[in-house]
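Treat the numbers as computed from the prediction; the structure is a model and nothing was measured. Chain naming here is simple, since letters A, B, ... match the order of the sequence lines and numbering starts at 1 in each.
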Amino acid sequence: MDHTAKKNKRLMALNDNKAGMEGLDRDKINKIIMESSKGSRFYENELKREQQVNQRIEKMMLQKAQITEQQLKKAQAEVERMATELERSRDLSRVIVHVDMDAFYAAVEIRDCPELKDKPMAVGSMSMLSTSNYHARKYGVRAAMPGFIAKKLCPNLVIVPTNFAKYRAVSGEVREIFAEYDPHFQSVSLDEAYLDFTDHLEQRQSWPESLRTHRFHASSTATGIAPNMMLAKVCSDKNKPNGQYRLPSTREAVMDFVQNLPVRKVSGIGKVSEKMLNALGISSCSHLGQQMGLLSLLFSETAWHHLLQVSLGLGSTFIPRHEERKSMSTERTFKELSKVEEQLSLCRELCEDVAEDMKEEGLKGKTVTLKLKNVSFEVKTRALTLPYAVATVDEIFAVAKDLLKTEIDNESPQPLRLRLMGN
DNA sequence: GCGGATCAC
DNA sequence: TATGGTGATCCGC
């Protein structure tokens, strides 16, 4: 394989090897994904973005080369001071549980249509899948994969359209159960939540033996039990599907656990951060601990503080309540839209949707943001903050229209070729 | 405050 | 034929 081909493969390929892959082998899957993607506008944009990340990494490596032994020593000392302080405040007294429902949307659809149980199936559309069941995963079919590619990997795949209202209803039932264990639980999404079991476990001590039975439930969930949120989240991923992993509440167990943990598993460290860390020779959290001095010189303060905490196995020990929302938006993807009148009327429609949602929650906002994506998948946002809060369609549209017109004028005489608009 | 990027689901 | 939608946060202006 030549250099370019290798690079391309890295970009789009399936990069996890947790599933059994009984249907097709990895090389075959990656070949099919690549053949379906290559040459598309989407793919070209992905290549461009990868280049940008590579440049960021080059810049970082140049910075690294400038660092003197002296600076590194000083940074190292500073990091160690902070680590000692963090260590002093380590709290192992809480029992935090992270619950993650396996292939949630797919599980709900199978409940309502049991014939699907033994077939490869996914929820979504030919454009995009939300999730797939475990049969489908054997073929490489994954969440966030377009359905038309999934169909190439698995021609027998059944694609069920998403029905959010239904998932919300089921999620509500599950949340009632969560509330029995921790009335202050925090849901991350329809299928994920953090619970603090500490109080529940203490009260349970005094229950009569007959009540300390397990509640039977048919749905499959993954749970992680650990002394903080960061660790609980990682633990719930460990014995998927329908498994549980408990990390003992001792410093030794936590440190052992964290040593071999790949940085990518940690919530908040995504594809780009992983790549930057990899460039520095860091792939596991033990490497993080060894390189914190360097990281404190190359990364922003918030970033390296977070990495230091991760390397020590520290995380939040109390589960924050969900705060008030800070923004509200709606966006839509469509076939190419190039006519000015159509763009304006679509913009108005989106403003109507947002205004309606705001009315439902009785909210107002001061900043109006217009989001545009052209047919080459390039995304732009344009915002304007008003001295007062607005909420009605006319007020919002007045601002959004100006923002949109400016962009149209900017591009003229070429038309804006849009595939998505939001605000 | 703005705009691009990253991240999670 | 065809690669989503919503919300949050951070960085560097």
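- Residue Gln70(A) qualifies as open at atom CD: its count of foreign heavy atoms under 6.0 Å is 12 or below.
- As judged by a 4.0 angstrom heavy-atom cut-off over every strand, Arg41(A) is placed among residues making no nucleic acid contact.
- Nucleic acid contact class of Ser37(A) (heavy atoms, under 4.0 Å, all strands): base.
- Taking for each of Lys326(A) and Ala144(A) the nucleotide of DNA chain C with the nearest heavy atom, the 5'-most of the two is the partner of Ala144(A).
- Arg419(A) meets the side chain to side chain contact (heavy atoms under 4.5 Å, CB included) test with Thr333(A), Lys373(A), Phe377(A); sequence neighbours excluded.
- A search for side chain to side chain contact (heavy atoms under 4.5 Å, CB included) contacts involving Arg382(A) returns Lys380(A), Leu403(A), Glu407(A), not counting sequence neighbours.
- The list of side chain to side chain donor-acceptor pair (under 3.5 Å) pairs with a residue in residues 185-196 of chain A, not counting sequence neighbours, reads Arg94(A)-Asp196(A), His98(A)-Glu192(A), Ser189(A)-Asp191(A), Glu192(A)-Lys233(A), Asp196(A)-Thr198(A).
- Both Leu386(A) and Gln52(A) sit near DNA chain B, but only Leu386(A) has its closest nucleotide nearer the 5' end.
- dT3(C) and dA8(B) are spaced 24 Å apart, taking the P atom of each and rounding to whole Å.
- Residue pairs that meet the ring pair (Phe, Tyr, Trp, His ring centres under 6.0 Å) test with at least one member in residues 314-339 of chain A, sequence neighbours left out, do not exist here.
- Residues forming a salt bridge (Lys or Arg N to Asp or Glu O under 4.0 Å) with Glu356(A) (at least two apart in sequence, or on another chain): none.
- Of all nucleotides in DNA chain B, those with any atom nearer than 4.0 Å to a heavy atom of chain A start and finish, going 5' to 3', at dG1(B) to dC9(B).
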Anything under 3.5 Å between a donor and an acceptor, one on a side chain of residues 111-128 of chain A, the other on a protein residue two or more places apart or in another chain? List them.
unit_1: Asp112(A); atom_1: OD2; unit_2: Lys166(A); atom_2: NZ; d: 2.9
unit_1: Ser125(A); atom_1: OG; unit_2: Ser127(A); atom_2: N; d: 3.1
unit_1: Ser125(A); atom_1: OG; unit_2: Met128(A); atom_2: N; d: 3.2

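- With a cutoff of under 4.0 Å to any heavy atom of chain A, the contacted region of DNA chain C is bounded 5' to 3' by dA2(C) to dC11(C).
- Toward the 5' end of DNA chain B, the nearer of the two residues Leu384(A) and Val53(A), judged by each one's closest nucleotide, is Leu384(A).
- The residue among Phe148(A) and Leu420(A) whose nearest nucleotide of DNA chain C lies closer to the 5′ end is Phe148(A).
- If you check residues 190-197 of chain A against DNA chain B, the residues with a heavy atom closer than 4.0 Å are Asp191(A), Glu192(A), listed by number.
- Listed by chain and residue number, nothing satisfies the ring pair (Phe, Tyr, Trp, His ring centres under 6.0 Å) test with Phe299(A) (two or more places apart in sequence, or in another chain).
- Heavy atoms of Lys380(A) sit under 4.0 angstrom from primed sugar atoms or phosphate atoms, though from no base atom.
- Evaluation of the side-chain hydrogen bond (donor to acceptor under 3.5 Å, both in side chains) rule for Glu349(A) yields Arg332(A) as partners, not counting sequence neighbours.
- Taking Tyr245(A) as the reference, Phe257(A) meet the ring pair (Phe, Tyr, Trp, His ring centres under 6.0 Å) condition, with sequence neighbours excluded.
- Between the side chain of Glu342(A) and the main chain of Ser338(A), no donor-acceptor pair closer than 3.5 Å is present.
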